[in-house]
Number of protein chains: 2
Amino acid sequence: MQGDDYLHHIAYDSVIFGFSGEKLKILILEYHNTGLFALPGGFVRTNENLNDAVQRGLKERTGLDQIFLEQFYTFGDVARYKPEVMKQIIQANKVPDEDLSWLLDRFISVAYYALINYAEVIPTPDDLSDSCGWYDVDQLPPLMLDHAQIVQKALETLRENINRKLVGGNLLPARFTMKELQHVYEAILGEKLHRGTFQRKMLSLGVLQRHEKQYSGAANKAPFLYSFG
Amino acid sequence: MQGDDYLHHIAYDSVIFGFSGEKLKILILEYHNTGLFALPGGFVRTNENLNDAVQRGLKERTGLDQIFLEQFYTFGDVARYKPEVMKQIIQANKVPDEDLSWLLDRFISVAYYALINYAEVIPTPDDLSDSCGWYDVDQLPPLMLDHAQIVQKALETLRENINRKLVGGNLLPARFTMKELQHVYEAILGEKLHRGTFQRKMLSLGVLQRHEKQYSGAANKAPFLYSFG
DNA sequence: TTATTATTGTCGCAAAATGCGACAATAATA
DNA sequence: TATTATTGTCGCATTTTGCGACAATAATAA
């Protein structure tokens, strides 16, 4: 990780949403020996597209390719410049032979959110962090720098886009029941929805494919499975 | 404009919308002796918030303060890195005693759009450009780099936000008629709206203040004037 | 003074979208 | 065969929207 390989002053942070146990979750990593929690982030190589850099980071952290990924804001306040925090992280991970001084400069961070199928992810820490795990959006640990603010804005954007971009399905397996889809919407919006109205609305969009029923073994009517497209 | 005063690799571009003659317009500047047209942009000082840098640039270019300003996307493709274009601009404006080599590096650009009252603006070129003027959004000159794409995305964002953020009023004087407001909406959306429906919708929002009538001298009923808040 | 004309504010009504409860169908168990 | 929980769908009231029409009005023309 030489200084010349990356664009200085520019970073990205990603808010990776998953869905499990009827809860919306976010992937958070913890840096070695610092007690610092952070969003997965990274830097842009000098010959690499910004969007590609984020895709690359996501691949490394989740093992997934072809992810729903969207940029939502670029954070550029001076107040987010805290070199002592970065110094702390570097010192806890001192690797000789590397000039990491460029990491102590001021950074502007382009923030993205990703929607992924929780079940397919293998959370993988990087060199600097020793854990990479899921947290409920409403039970996050204290995050470093302005990362809590970034999460907040990601959630707002997600709520605004939930109908415009059919965002919901990206958080589920390829096939799902209407109830599961409704739970995703409820978790994102933070409110209960009416079952009948929700089903009618979804079906009227004409983007759901209906498949065979899912026999759960429970003593009641079995629901259909659906997929997008 | 020393290299140490600004954050390297980071720029901003602004799409400044105005409204006149029932048309949506954008402020475009032309660089000296190059035939290059561009969006007004600039750089971020090392101790300056990103948002403040854009406000500062807007103030210099329009004379206006307290503008409706919103960030909408950050452009970071490698393809937008064309040092020969920058070199052309610099050479046409050679100022001695300055090291401008940092301008030839790759830049990531944070794009903003602004909505302003056309009548209050005094378009002002900067040192590098010899004109700064209004162009119809559908009759723009060929813009350098990816600036046409930036304009396109600004328009899309504006359309998406038109109802969510009461964007329309920022393009008009403090007091305006319902018809003028409708023309703004039509220019942004690119379609005709029904007069009755539009008026009913706007009034139902409860954010318009009704004032005295505007007697235009025409042989017909005089419209009320409105303001926001 | 009175008719004419263009434009405005508002209304009525049909069509579409939404909120909410209810019913029959169904997959298992008792 | 009855029971139970859940599902798919429908009916109906309410709200929102699209669209035309009417009366009111400010000036001009007769």
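No experiment lies behind these values; they were computed from the predicted model shown. No hydrogens, no waters, no symmetry mates; every other heavy atom, side chains included, goes into these values. Here is how names work: the chains are called A, B, and so on, in the same order as the sequence lines, proteins then strands, and each is numbered from 1.
A sub-4.0 Å separation between OP1 or OP2 of C:dA17 and a side-chain N or O of A:Lys201 is absent.
Rounded to whole Å, atom C1' of D:dC19 lies 13 Å from atom CD of B:Gln182. Put simply, CD on B:Glu212 is 16 Å from C1' on C:dT8, counting in whole angstrom units. In this structure, CG of A:Asn163 is placed 13 Å from C1' of C:dA17, rounded to the nearest angstrom. Spacing between atom OH of B:Tyr215 and atom P of D:dA24 amounts to 16 Å, rounded to whole angstrom units. In this structure, A:Glu180 atom CD and D:dT7 atom P are separated by 10 Å, rounded to whole Å. Rounded to an integer number of Å, the gap from NZ of B:Lys213 to P of C:dG9 is 7 Å.
Under the 4.0 Å criterion applied to side-chain N and carboxylate O atoms, A:Arg175 and A:Glu212 are assigned as salt-bridge partners.
Ring orientation note: the planes of B:Phe17 and B:Tyr113 are nearly perpendicular, at an angle over 60° on the 30°/60° scale.
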- Would B:Gln55 and B:Asp65 count as a side-chain hydrogen bond (donor to acceptor under 3.5 Å, both in side chains) if you check the C-alpha gap in whole Å, the side-chain angles of each, and the deciding distance to 0.1 Å? CA-CA 8 Å; B:Gln55 282 282 4; B:Asp65 244 323; over 6 Å; no
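A search for side-chain hydrogen bond (donor to acceptor under 3.5 Å, both in side chains) contacts involving A:Glu191 returns nothing, not counting sequence neighbours.
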Shorter than 3.5 Å, N or O on both sides, protein versus nucleotides 4-7 of chain C: list them out with atom names.
{"unit_1": "C:dT5", "atom_1": "O2", "unit_2": "B:Ala219", "atom_2": "O", "d": "3.2"}
{"unit_1": "C:dT7", "atom_1": "O4'", "unit_2": "B:Asn220", "atom_2": "ND2", "d": "3.1"}

Give me, pair by pair, the N or O atoms of the protein and of nucleotides 9-12 of chain D that are less than 3.5 Å apart, along with how far apart they are.
{"unit_1": "D:dT9", "atom_1": "OP2", "unit_2": "A:Arg210", "atom_2": "NH2", "d": "3.2"}

Report, one line per pair, each donor and acceptor closer than 3.5 Å where one atom sits in a side chain of residues 136-143 of chain B; sequence neighbours left out.
{"unit_1": "B:Asp136", "atom_1": "OD1", "unit_2": "B:Lys25", "atom_2": "NZ", "d": "2.8"}

Residues 213-226 of chain A side chain polar contacts: donor-acceptor under 3.5 Å, at least two apart:
{"unit_1": "A:Ser216", "atom_1": "OG", "unit_2": "A:Ala218", "atom_2": "N", "d": "3.3"}
{"unit_1": "A:Tyr226", "atom_1": "OH", "unit_2": "A:Arg210", "atom_2": "NE", "d": "3.2"}
{"unit_1": "A:Tyr226", "atom_1": "OH", "unit_2": "A:Arg210", "atom_2": "NH2", "d": "2.8"}

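Residue pairs meeting the side chain to side chain donor-acceptor pair (under 3.5 Å) criterion with at least one partner in residues 146-158 of chain B, sequence neighbours excluded, are B:Arg80-B:Asp146.
Base pairing of C:dA30 is made with D:dT1, judged by Watson-Crick or G-U wobble geometry with both donor-acceptor distances under 3.5 Å. Searching all strands for a Watson-Crick or G-U wobble partner of C:dA25 with both distances below 3.5 Å returns D:dT6. Using the Watson-Crick or G-U wobble rule with both distances under 3.5 Å, D:dA30 pairs with C:dT1.
In A:Ile122, the CD1 atom is not crowded: 12 or fewer heavy atoms of neighbouring residues, nucleotides or ligands sit closer than 6.0 Å.
Judged purely by distance below 3.5 Å, without hydrogens or angles, the side chains of B:Ser129 and B:His32 never pair a donor atom with an acceptor atom.
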